[in-house]
Amino acid sequence: MSMIKEIHDQDFEKETNTGVTVVDFRADWCPPCKMMDPILRKLSESEDFKDKVTFTSINIDHDKQIASQFQVQGIPTFLIKKDGQVINRLVGARPKPLFEAALKEALA
């Protein structure tokens, strides 16, 4: 079962201020976003990250405030936050090994 939680502008801070969190800024019409879905799903279910990283998703068509605050220009854009601070930003579809390395670095 996928461990990716859809969040919204109003609950962004509460959902992303503790621990390591991936925030996926996406849209339903975006092909690269859809390409990333299976990768994010596998990572969220992986033993390496399942109980250590929170995976979240924000639909920029419905929740524009946070996307604007973080100056999201292209999608997908992924923020990796640790205890509320952005420590990494990945833009565009990325291969699974690159994502894994970024998450392992965040957990180190």
Side-chain angles (χ1 to χ4, degrees):
M1 182 176 104
S2 179
M3 307 294 290
I4 302 169
K5 180 177 186 177
E6 186 170 343
I7 62 174
H8 305 280
D9 287 341
Q10 62 271 20
D11 55 7
F12 177 81
E13 293 300 325
K14 178 179 68 114
E15 296 290 344
T16 66
N17 271 355
T18 307
V20 175
T21 306
V22 174
V23 182
D24 173 12
F25 290 92
R26 57 173 295 113
D28 295 335
W29 49 263
C30 166
C33 300
K34 291 179 183 184
M35 283 175 38
M36 290 302 298
D37 286 346
I39 292 172
L40 293 172
R41 193 168 30 258
K42 283 186 174 138
L43 290 171
S44 75
E45 296 168 352
S46 145
E47 291 302 317
D48 288 338
F49 307 117
K50 187 165 48 177
D51 296 320
K52 301 173 189 150
V53 177
T54 303
F55 289 80
T56 65
S57 168
I58 293 183
N59 185 321
I60 64 159
D61 287 334
H62 304 140
D63 294 283
K64 296 174 172 48
Q65 179 183 336
I66 295 297
S68 175
Q69 179 182 329
F70 284 96
Q71 300 175 348
V72 172
Q73 302 287 316
I75 53 173
T77 291
F78 306 94
L79 299 182
I80 300 176
K81 294 181 75 181
K82 186 171 189 173
D83 297 326
Q85 300 298 312
V86 176
I87 60 169
N88 203 338
R89 179 184 191 108
L90 305 169
V91 179
R94 293 286 184 245
K96 186 177 174 214
L98 187 144
F99 231 102
E100 284 177 317
L103 292 175
K104 287 179 180 175
E105 183 180 318
L107 290 169

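This chain uses plain numbering: 1 for the first residue, then up along the sequence. As the structure is a computational prediction, the values presented were derived from the model and not from experiment.
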Under the 3.5 angstrom rule, does the side chain of N17 hit a backbone N or O of K14 as a donor-acceptor pair? no
From I58 atom CD1 to I66 atom CD1, the distance as rounded to the nearest 0.5 Å: 6.0 Å
For A93 and M35, the nearest pair of non-hydrogen atoms, with its separation, is CB-CE, 4.0 Å
Would you confirm whether the ring centroid of F99 sits within less than 6.0 angstrom of the ring centroid of F78? yes
If two hydrophobic side chains count as joined below 4.5 Å and joins carry through other members, does V23 share a cluster with V53? no
Of all heavy-atom pairs linking I4 and T56, the shortest is CG2-C, 4.1 Å
same_hphob_cluster(M36, L98) at 4.5 Å side-chain heavy-atom cutoff: yes
Look at D37 together with R26 and state whether they make a salt bridge at an N to O cut-off of under 4.0 Å. yes
Between the CG atom in D48 and the CG atom in L107, the distance rounded to the nearest 0.5 Å is 9.0 Å
side-chain contact (heavy atoms from CB on, under 4.5 Å) assessment of F49 paired with V22: CA-CA 11 Å; F49 307 117; V22 174; over 6 Å; no
Looking at every heavy atom in both K82 and A108, which two are closest together, and how far apart are they? NZ-O, 3.3 Å
Any donor-acceptor N/O pair, K96 side chain to I39 backbone, under 3.5 Å: no
Any side-chain heavy atom of T54 sitting closer than 4.5 Å to one from E15? no
Looking at CG of D24 and OG1 of T77, how far apart are the two atoms once the value is rounded to the nearest 0.5 Å? 9.0 Å
Do the side chain of N59 and the main chain of A27 share a donor and acceptor less than 3.5 angstrom apart? no
Would you say Q10 has more than 12 foreign heavy atoms packed within less than 6.0 Å of its CD? yes
Find the distance between CG (L40) and CE (M3) and round it off to the nearest 0.5 Å. 13.5 Å
Any chance you could measure Q85, atom CD, to I80, atom CD1, to the nearest 0.5 Å? 14.5 Å
Please give me the minimum heavy-atom distance between I7 and D63, naming the atom from each residue. O-OD2, 4.0 Å
According to salt bridge (Lys or Arg N to Asp or Glu O under 4.0 Å), who are the partners of K52, at least two apart in sequence or on a separate chain? none
Heavy-atom closest pair, residues N88 and A102: ND2-CB, 3.7 Å
For E47, which residues count as a side-chain hydrogen bond (donor to acceptor under 3.5 Å, both in side chains) partner, sequence neighbours excluded? K50
Show the nearest heavy-atom pair for residues L103 and F55, with the distance to one decimal. CD1-CZ, 3.9 Å
Can a donor-acceptor pair be found, under 3.5 Å and without considering hydrogens, that links the side chain of S46 to the backbone of K42? no
Rounded to the nearest 0.5 Å, how far apart are OG of S57 and CZ of F25? 9.5 Å
Tell me whether D9 contacts the main-chain N or O of Q65 through its side chain, where contact means a donor paired with an acceptor under 3.5 Å. yes
Whether the K81 and T21 side chains hold a donor-acceptor pair (N or O, under 3.5 Å, no angle test) is what I'd like checked. no
Is the side chain of R89 donor-acceptor paired with the backbone N or O of V86 at a distance under 3.5 Å, no angle test? no
More than 12 heavy atoms of other residues, nucleotides or ligands under 6.0 Å from CD of E105: yes or no? no
